[in-house]
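To start, the structure itself, in structure tokens.
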Protein chains: 2
Amino acid sequence: MKEGPDIARIGTLFGDPARANMLTALMGGQALTATELAQAAGVTVQTASSHLSKLEEGGILAQRKQGRHRYFTLADAAAGALLENIMGFAASRGHLRHRPGPKDPALRKARVCYDHLAGDYGVRMLDSFVARGAIESDGENLAMTAEGRAELDTLGIDVAALTSSRRPLCKSCLDWSERRSHLAGTLGKALLAHFLEKGWARRSGESRAVLFTPEGERKFLALFPTG
Amino acid sequence: MKEGPDIARIGTLFGDPARANMLTALMGGQALTATELAQAAGVTVQTASSHLSKLEEGGILAQRKQGRHRYFTLADAAAGALLENIMGFAASRGHLRHRPGPKDPALRKARVCYDHLAGDYGVRMLDSFVARGAIESDGENLAMTAEGRAELDTLGIDVAALTSSRRPLCKSCLDWSERRSHLAGTLGKALLAHFLEKGWARRSGESRAVLFTPEGERKFLALFPTG
DNA sequence: TTCATACTTCGATCGTAACCGAAGCATCTT
DNA sequence: AAGATGCTTCGGTTACGATCGAAGTATGAA
């Protein structure tokens with residue numbers, strides 16, 4: 001009868017393949033219905049329902065009723081961060097389910113990781129920020145510099161508003177296709193939102209891929225040159 | 001047949017109570033033998049052996065043969081960090097196994113969390129650093145200031161050497177007894193080592209408790225005054 | 001009202017993995 | 001060499017939980 005946080009309970013919740021599939025699907029950041037999640041997990045809706053109630057009770061998922069649909073999302077940023085952490089750890093140990101990274105080249109290039117940009121483009125963005133001194137990196141820990149704040153300001157991103165949250169502004173997130181870090185945190189989220197809003201890119205309907213327009217791609221690459 | 005990191009595998013490894021007990025025991029930072037871990041988990045050595053080989057194969061534990069003993073430790077800082085993350089998440093959702101925090105008052109006051117100081121004293125130390133501007137906090141993200149570096153220098157802690165590692169210098173870690181953050185990262189590790197080396201405190205042989213001497217306690221409290 | 005859709009609950013089956021006793025291997029002691 | 005200690009492997013039992021069919025509830029459409 002030990003004391004302490006119930007690690008095993010959390011582990012069990014992440015430890016079932018069907019639940020893991022659902023959570024991975026929700027890393028796209030979009031709310032999904034029970035039926036969609038059942039399909040993503042490859043199980044019947046009855047089974048999915050059981051899994052979803054467990055995940056909700058465990059505080060990993062939140063649900064929102066809307067008509068006869070039930071939309072599920074990750075409960076909060078902490079749940080997303082934990083999920084990212086586990087994915088990164090699994091990838092770092094070579095625990096991949098099939099191949100070292102997504103087969104779909106679009107996914108490999110740019111995709112959503114919970115609420116920010118991952119893949120080749122995500123890695124490039126962070127690298128570029130660090131190279132020009134906009135972000136300082138102590139290994140994994142990231143901090144925004146004054147130059148960085150000024151630069152983002154000209155882009156029209158209100159850094160001050162982003163720091164008010166309890167969630168960190170900059171956070172590194174290990175990319176499982178690139179095996180390098182990309183930018184998470186409220187800034188990562190804001191930047192992705194910015195790209196989508198400006199019409200540089202749009203979310204693929206089905207997958208987690210982020211599809212850049214030729215114009216958007218040109219601007220993105222100009223904004224984030226490689227070292 | 002989905003692509004991506006195998007979350008479920010990691011989850012399963014953390015998801016068994018016996019394994020979770022072993023990992024919790026290893027959060028003390030000390031290497032433990034298979035027999036000791038079996039006792040900590042409340043299972044026979046046969047069962048423990050099976051669990052340990054799974055954890056090792058999963059990249060969470062590392063073992064070192066020494067004579068007829070086999071010493072197990074957490075594989076690396078990443079494994080420790082993930083464990084801390086899960087513990088913090090579980091605590092934040094109220095998933096505690098018995099009571100809200102350790103029963104043992106010594107554990108509640110000061111204990112080892114993988115390799116740094118947790119509990120009341122750990123929280124106090126971080127709070128004090130932040131209050132005096134030695135560490136800046138963007139929510140959860142921590143960064144050392146120039147003043148902080150100077151102060152640690154006078155304490156005899158070589159901050160430059162600590163930043164060379166790929167592991168972050170400062171990292172916040174959610175305390176499951178205090179439900180507030182304490183200081184992890186290479187600095188957290190170095191500070192605990194400093195206290196032990198100076199004879200201000202010593203590790204309890206059995207538990208994860210850190211026992212301060214009256215003299216050490218006086219110095220610690222003077223060094224880290226409350227707001 | 002009647003039908004359709006979205007989801008949950010119930011009940012039963014089945015597979016997997018945790019568990020331990022017994023036996024086996026390795027290392028140290030005497 | 002003989003015995004003791006630390007750990008692993010094997011085999012068989014057992015329990016838990018993932019799964020799905022069937023039936024039940026809620027919301028919306030006709």
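So that the names make sense, note that chain A is the first sequence line, chain B the second, and so on, each numbered from 1.
With sequence neighbours excluded, the residues satisfying side chain to side chain contact (heavy atoms under 4.5 Å, CB included) with B/D16 are B/A18, B/R19, B/H51. Residues meeting the side chain to side chain contact (heavy atoms under 4.5 Å, CB included) test with B/E197, sequence neighbours left out: none. Listed by chain and number, the residues in a ring-ring contact (aromatic ring centres under 6.0 Å, His included) with A/H182 are A/H116 (sequence neighbours excluded).
Within the structure, every side-chain polar atom (N or O) of A/K54 is placed at least 4.0 Å from both OP1 and OP2 of D/dG17. The phosphate of D/dA26 (OP1 or OP2) has no side-chain N or O of A/K65 nearer than 4.0 angstrom. Not one side-chain nitrogen or oxygen of B/T44 sits closer than 4.0 Å to the OP1 or OP2 atom of C/dC19.
Taking atom CG of residue A/N21 and atom C1' of nucleotide D/dA18, one finds them 14 Å apart after rounding to whole Å. For the pair B/L37 CG and C/dA18 C1', the interatomic distance rounds to 17 Å; values are reported in whole Å. Atom CD in B/Q39 sits about 14 Å away from atom P in C/dC20, given to the nearest Å.
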- When every nucleotide of nucleotides 2-15 of chain C is labelled 5' to 3' by its protein contacts under 4.0 Å (heavy atoms), B for base, S for sugar-phosphate only, - for none, what sequence of letters results? --BBSSBB------
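Residue order along DNA chain D, read from the 5' end via each residue's closest nucleotide, puts A/V43 first among A/V43 and A/Q66.
For the pair B/S49 (side chain) and B/V45 (backbone), a donor-acceptor distance under 3.5 Å is absent. For the pair A/E36 (side chain) and A/T33 (backbone), a donor-acceptor distance under 3.5 Å is present. Judged by distance alone, with hydrogens and angles left aside, the side-chain atoms of B/R9 form no donor-acceptor pair with the main-chain N or O of A/G15 at under 3.5 Å.
Every pair passing salt bridge (Lys or Arg N to Asp or Glu O under 4.0 Å) that includes a residue from residues 70-84 of chain A is listed here, sequence neighbours excluded: A/D76-B/R93.
The one candidate from A/W200, A/F212, A/F195 that meets the ring pair (Phe, Tyr, Trp, His ring centres under 6.0 Å) condition with A/Y121 is A/F212.
The stretch residues 6-20 of chain A touches DNA chain D through A/D16, A/A18, A/R19, each having a heavy atom within less than 4.0 Å of the strand.
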